[in-house]
Amino acid sequence: MLEQAQASFLPGLPGVEISLQGKLKRASGFSLSLNLKETISGVTAIIGHSGSGKTSLTRCIAGFEKNTDLHLSVDGEVWQNSSIFVPPENRPISTVFQEARLFPHLTVMENLKFVTRRFPTAHKIEALDHSLQNFCLPLEEVIESLSLDYLLSRSSNELSGGETQRVALARALLRPARLWIFDEPLASLDAQARTEIAPYIQMLCKRHAIPVLYVTHNLQEVLQIADNAWLMDAGNLKSLGSDSELTRQFPSHLAVDEDIGGVLECAWKAYHADYGLSELALSTASVFLPGDVLQNTQVLDNPHDTNSKIKVFIPARDVSLSLAKVADVSLLNQLPVKILAVETDTPHTRLFTLDCQGQKMLSRITAYSASQLNLEIGQTVFALIKTVSLAAPDK
Amino acid sequence: MLEQAQASFLPGLPGVEISLQGKLKRASGFSLSLNLKETISGVTAIIGHSGSGKTSLTRCIAGFEKNTDLHLSVDGEVWQNSSIFVPPENRPISTVFQEARLFPHLTVMENLKFVTRRFPTAHKIEALDHSLQNFCLPLEEVIESLSLDYLLSRSSNELSGGETQRVALARALLRPARLWIFDEPLASLDAQARTEIAPYIQMLCKRHAIPVLYVTHNLQEVLQIADNAWLMDAGNLKSLGSDSELTRQFPSHLAVDEDIGGVLECAWKAYHADYGLSELALSTASVFLPGDVLQNTQVLDNPHDTNSKIKVFIPARDVSLSLAKVADVSLLNQLPVKILAVETDTPHTRLFTLDCQGQKMLSRITAYSASQLNLEIGQTVFALIKTVSLAAPDK
Amino acid sequence: DSPKQTPDKTALRIAVATNFKPAFERLSKLFLSQHSLVTISAHYASSGLLYAQINNGAPYHIFLSADRTRAQNIWKQQNPDTGIFTYAYGQLVLWAPGIENPEFEWLQQHQGSVAIANPELAPYGQAALSCLNKQAGHTPAYQLVLGSSVAQAFHFVASGAATAGLVAKSQILDYGVAEDHYYLVPADCYAPIEQLAVVIDSPPYRVEGSTTRIKIKAFMEFLKSKPAQSLIEEAGYLRGYPGE
Amino acid sequence: MNSDNYWSELFTATQVTLSLAATSTLLLICVCPFIAWWIARSQSRTRPFFEAIMSLPLVLPPTVIGFYLLISISPGGFIGQPWSALTGNNLAFSFSGLVIGSFIYSLPFVLQPLVISFRNVDEGLLEAAASLGAPPATRFLSLILPMQKRALIAAASLGFAHTLGEFGIVLMIGGNLEGETRVLSIVLFDQVESLRYQDAHSTALFMLALALVMLTLVYRLQGRIKHA
Amino acid sequence: MNSDNYWSELFTATQVTLSLAATSTLLLICVCPFIAWWIARSQSRTRPFFEAIMSLPLVLPPTVIGFYLLISISPGGFIGQPWSALTGNNLAFSFSGLVIGSFIYSLPFVLQPLVISFRNVDEGLLEAAASLGAPPATRFLSLILPMQKRALIAAASLGFAHTLGEFGIVLMIGGNLEGETRVLSIVLFDQVESLRYQDAHSTALFMLALALVMLTLVYRLQGRIKHA
Ligand SMILES: Nc1ncnc2c1ncn2[C@@H]1O[C@H](COP(=O)(O)OP(=O)(O)OP(=O)(O)O)[C@@H](O)[C@H]1O
Ligand SMILES: Nc1ncnc2c1ncn2[C@@H]1O[C@H](COP(=O)(O)OP(=O)(O)OP(=O)(O)O)[C@@H](O)[C@H]1O
Ligand SMILES: [Mg+2]
Ligand SMILES: [Mg+2]
């Protein structure tokens, strides 16, 4: 699933440094404690339980929580502290709210025009960011990419849930910004629309080097487009970083069991056009993926650079273990691995941490199999991975 | 994933027969053509693209589309035609709207009390349904099951997105009804909350024999709790039925490729407590599932009845093929199957339809493996399925 | 002459044209001092309004109108046995605050606004208009503004909005304007401004010897009496009832 | 002039004024929400016409309305006659008559704000209430009215304030009876008309202060109600 | 009486009335939205007090307001003096004076419905507009005002109707000058006062018909505007 260009693929631009300290206290008793200093680029997923404070966090950054004890500075510029408050309209941030908040008296097109009429004469924003003026997404592109053509003359309270969300997203994309905040932008969309729009967001984010804070509950979305993740837990923010441990950390908090796994960083090796298989190199071993990885991965500046690293997410539940290589099966990927550790995952399954050419991966098998095979720490076995499990969503 | 009691497990009550004919025309040009006559029981998923008319359909049934050319009768009783219109408040239907629609001036508790104050003195509804009076969910149970305790005194516009949705669901559950209509009730919830609430809905639906029309975009939800499905496609409704072909029909319309698969109907055989493995019988072969299937499946009237059928969904992407049985691997399920058909699924994968003891299942492998193994129609091979792939979400 | 000494709660309800209010207050004080058991409730409004009310069953006993037509109309509509007489004549004065001893000659040259009551509504207005018309040798330089009543015409002047006005002498006295700051318009340039009092025919009045009837008659007699007429004269009117 | 007299008159008039304003506002706030709801939600083609009719009391000068009212409520009038027959009392020049007059005159000021406010009610919430089994009457009474508390208060206070200042009608049909129909605005009017400007200034100040205090309190209360 | 005279008087008065109502409504609808917006959104502790002040014209009888206005706009008054100095004209007994009077008197009727309506505006939409880069002024002008079109029309029509029927103030500061300050309501009042009841009935009917037609049209238009 996760199979994407690394941060180093980005067109050389630095990220945005966010420094956010302080507290937000709600009348309801909820309190958000923030202590964050991080340079973000690419897509940063914000995950966490319902009511944990994700939306509150984004509101703090976007400038909708005024009477709080917050200190926010972005790229060293103070936006909010006890004496300064840059109002939301002067922050170069574009937000998609959890509820779409379309202007009900306007048509879809008028909702979009509400933004485009105002820009790129980005008056005050200049003060905060000079590069902004250069960038403004063309209205037509956004309309087409989010398939809004047929909706344009519709009154915006005559839309279906998913249509509403797409219009809200489009409207936000049209505002020139240095940071995007999207609060569950695709929650009401069907899987197909989602797999079309998520990569589009990811592509925009990379093409224009605009970092995205992306609140979502959909793990598939996280794995598909996130470069790193922040975890919100009962009002406490924790950056999970962007390393291969990212997905490893999900389960205890959020994911259903199917979602844990490991990430292997491979180098591109070859594309076998006849069978539609990509071959990636993992030190000496080969990993096969269906389809042309380089084509599916949307933004590669220099695809045939042998240094190009490609991340492949391998779900633990898709990895079987075998004492020996197996012949005559459809399982193409059979990687020699060393057992590093074993955990009692659930009463009847075991989670093995494996060393595969110096990188970690996970395998979950039944307790029964584990005892049948007599697996021990240090032992070398073969990890069997179905190739199609690794398929990227087809275009 | 899908692993649940059949309709015959329901406490002997018949379903609800819905007959819905006619057209709904919207000013926007959208038109819904309905021609449906079906007895529904259990959870009926309504799937379809964004804007295809799912919400419109539920509005027609719930009575929110008055000026239309519709004929609706339920259990033979006419609710709507050119001369009759039973208003929504007199239809024994409880609806969760796509937008939560909490009453903004009330607290969460007052929102719930708005319903409980009114029932069970279900005045006019008696005329439509006599059995209704007997059933009213206890307020405390609903509050606990949806973890609303800490929210009760909150004003309902001080909730997070997910909290709002849970309250809306609770409110709807409190209204005595003969049919539930839930329009994406869990869209704003995280995976964990979802895996807790979805089975609760399913359980209620079975315990009280109230059919649910369940609009969702989440295929995992469909597979987890739906007994059958309706597909809405550009205003045309099609019942997909509840057979094992159900999931087979998804991909072309909605699902990402990972979601296709087959459903095997097995009988319960044994639970191996030492390894936490359930053994199910599929004619002569055995299928192993992690955990105690009977415990995980929430409502079984007579669990040890040997006629109990248990549906197991087997995703095509999790089935590998092997020419012979494989030893020394963690793959417990190795079923002998006959190849019935092979399709070119994507340019680089092949989808095999397999006959497994008279039932159909699917396997997707790479084109490369398919040609390496020289697989042919009619050939008998072994389907290898990782046991943990079949795990039900743990409690 | 004095009413029956039986306690009777019903007040004597008298409808009074507003411009007569100051005089009436003094009159009623005097009357009450003579008739200790009577109470009076006075209803002040414009004559036109009171007329409409009486026509629609207002429970008044006596109507002190500021004009002739309305009082006579009422009298004609009812039992001719009820009394009617002129209790006072209004006097017209020219007042221009800040101007000493103004005269009509001054008014002719005056460039400002001159307030009078609306001639269609108020006798003072009619009187003022006829005087102005008689004086007009050439087109006047001032602008004429109309108040709906003579009271309003007075407000116009008192507030400074109008620079001069033809108002009632009673108002001037009540307001305390100094002797040499107004000009009493000669009575021959306008028709007399008759103020009529009329008894309103009501069921208690019809009962011969009823307390109410006695009170009404008593007040009407009082109004004709010398002390009352002197009070009226003091308030800036001419005596309406010359008799002793 | 007579200071004692002045204050006792003012006191009595204040009592009459407040009870008149309170009574007619109470009546208005009981009746108007229903009419406003009908106007706000009706799809009928006659709705605009009916709405215009309700606004007519605005258009005629109060004394003229008073004149026609006087004719109607006089013992022979089409309201006064049945009223006398029923109660044995005269409607004209009575407190009840004033209440009727104030009711008619202040109706548009209470009605229109409610109509505006009711038009803003989210249709979705009504659907939700229906889906929870609430019939139309319940939806209105136990959902809309509590939800529109703030608008109700605002409309009521507009009506109340307007009745305080009402004068043309009162003068016409009330007849300026002390303790019964002589309200503050009439006292003030009398004072102005009879050139007692000093008294008039005090009375005007008193009325303004009274109104200012009451309105400030109401508007502060209103600010406390957070939602809708 | 004189039928010719009657009609020509009515015609002139109608012209004056309509221009007065139109002018003051126009002024009100330009000014009130801003004040209403401030009142509806201010968190200030003085807000209720200020709001009450704005409602005060309701509380005093129109003739009394008129009296005080007369003092203020007379050539020596605190409005009249600078006005004369500036324009060389007298404000009292002029059309401009009437406009000022109507403005003050009708202010609360235009303001309050707007306040009620603005209070219902979803805060979320304002946040959305801010997030799209619209500063407060833009949010108000290009989001709220268009969104509240219906409330604006309703408030304006209330103000317009009220100015049509206004009379106490006009009587006081107008001076009844034909073609300049003699409005319909005064004509009607004069007719009633001078016992020309037949003429009064016709005039009242004419005013009612005029208002009925205009209001029906406005309210129908309003019904066509679907949202908020
Ligand atoms: N306006 C408000 N006033 C008071 N409490 C609030 C308000 N908005 C949110 N809260 C509370 O603050 C907490 C955090 O809310 P927040 O909306 O940030 O959660 P979230 O992580 O976005 O949840 P979700 O995924 O359900 O949208 C919740 O407990 C919520 O009830
Ligand atoms: N009130 C309305 N007036 C006019 N058209 C509408 C209205 N509501 C929905 N539509 C249109 O009807 C079509 C079906 O809408 P509907 O809400 O039923 O879709 P849906 O299947 O529920 O979509 P989603 O999954 O996005 O919620 C859409 O094209 C939508 O734009
Ligand atoms: Mg949220
Ligand atoms: Mg929908």
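In this text the structure is predicted, and so the values were computed from the model without any measurement.
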If you count every heavy atom of other residues, nucleotides or ligands that lies below 6.0 Å from [X] atom [atom1], does the total exceed 12?
{"X": "D/Phe49", "atom1": "CZ", "result": "no"}
{"X": "B/Glu144", "atom1": "CD", "result": "no"}
{"X": "D/Arg220", "atom1": "CZ", "result": "no"}
{"X": "D/Phe206", "atom1": "CZ", "result": "yes"}

- Message: Rounded to the nearest 0.5 Å, what separates atom CG in D/Leu143 from atom NE2 in B/His105?
- Response: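 The distance works out to 5.0 Å.
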- CD on B/Glu99 to CG on D/Asp122, rounded to 0.5 Å: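 Result: 8.5 Å between the selected atoms.
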- Excluding sequence neighbours, so at least two apart, what forms side chain to side chain contact (heavy atoms under 4.5 Å, CB included) with D/Pro82?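 Here no residue qualifies.
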How close do [X] and [Y] get, counting heavy atoms only, and between which atoms?
{"X": "D/Gly124", "Y": "B/Arg101", "value": "O-CD, 3.2 Å"}
{"X": "B/Glu89", "Y": "D/Pro136", "value": "OE2-CD, 3.0 Å"}
{"X": "B/Phe97", "Y": "D/Ala128", "value": "CE1-CA, 3.5 Å"}
{"X": "D/Leu125", "Y": "B/Phe103", "value": "O-CE2, 3.5 Å"}
{"X": "B/Phe64", "Y": "D/Ser131", "value": "CZ-CB, 3.8 Å"}

Go through the atoms of [X] and report whether side chain, backbone, both or neither lie under 4.5 Å from a heavy atom of chain D.
{"X": "B/Pro88", "answer": "both"}
{"X": "B/Leu106", "answer": "neither"}
{"X": "B/Arg59", "answer": "side chain"}

- Query: Do any of residues 17-30 of chain B have a heavy atom less than 4.5 Å from a heavy atom of chain D, and if so, which, in residue order?
  - Reply: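 Contacts with chain D: none.
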- Query: Do B/Pro104 and D/Met147 have side-chain heavy atoms sitting under 4.5 Å apart?
  - Reply: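 In contact.
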- Applying salt bridge (Lys or Arg N to Asp or Glu O under 4.0 Å), which residue pairs with at least one partner in residues 96-115 of chain D are found, sequence neighbours left out?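 Every candidate salt bridge (Lys or Arg N to Asp or Glu O under 4.0 Å) pair involving residues 96-115 of chain D fails, so no pair, neighbours aside, qualifies.
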- Contact list for residues 48-59 of chain D, test salt bridge (Lys or Arg N to Asp or Glu O under 4.0 Å), sequence neighbours left out: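 Listed by first then second residue: D/Arg47-D/Glu51, D/Glu51-D/Arg119.
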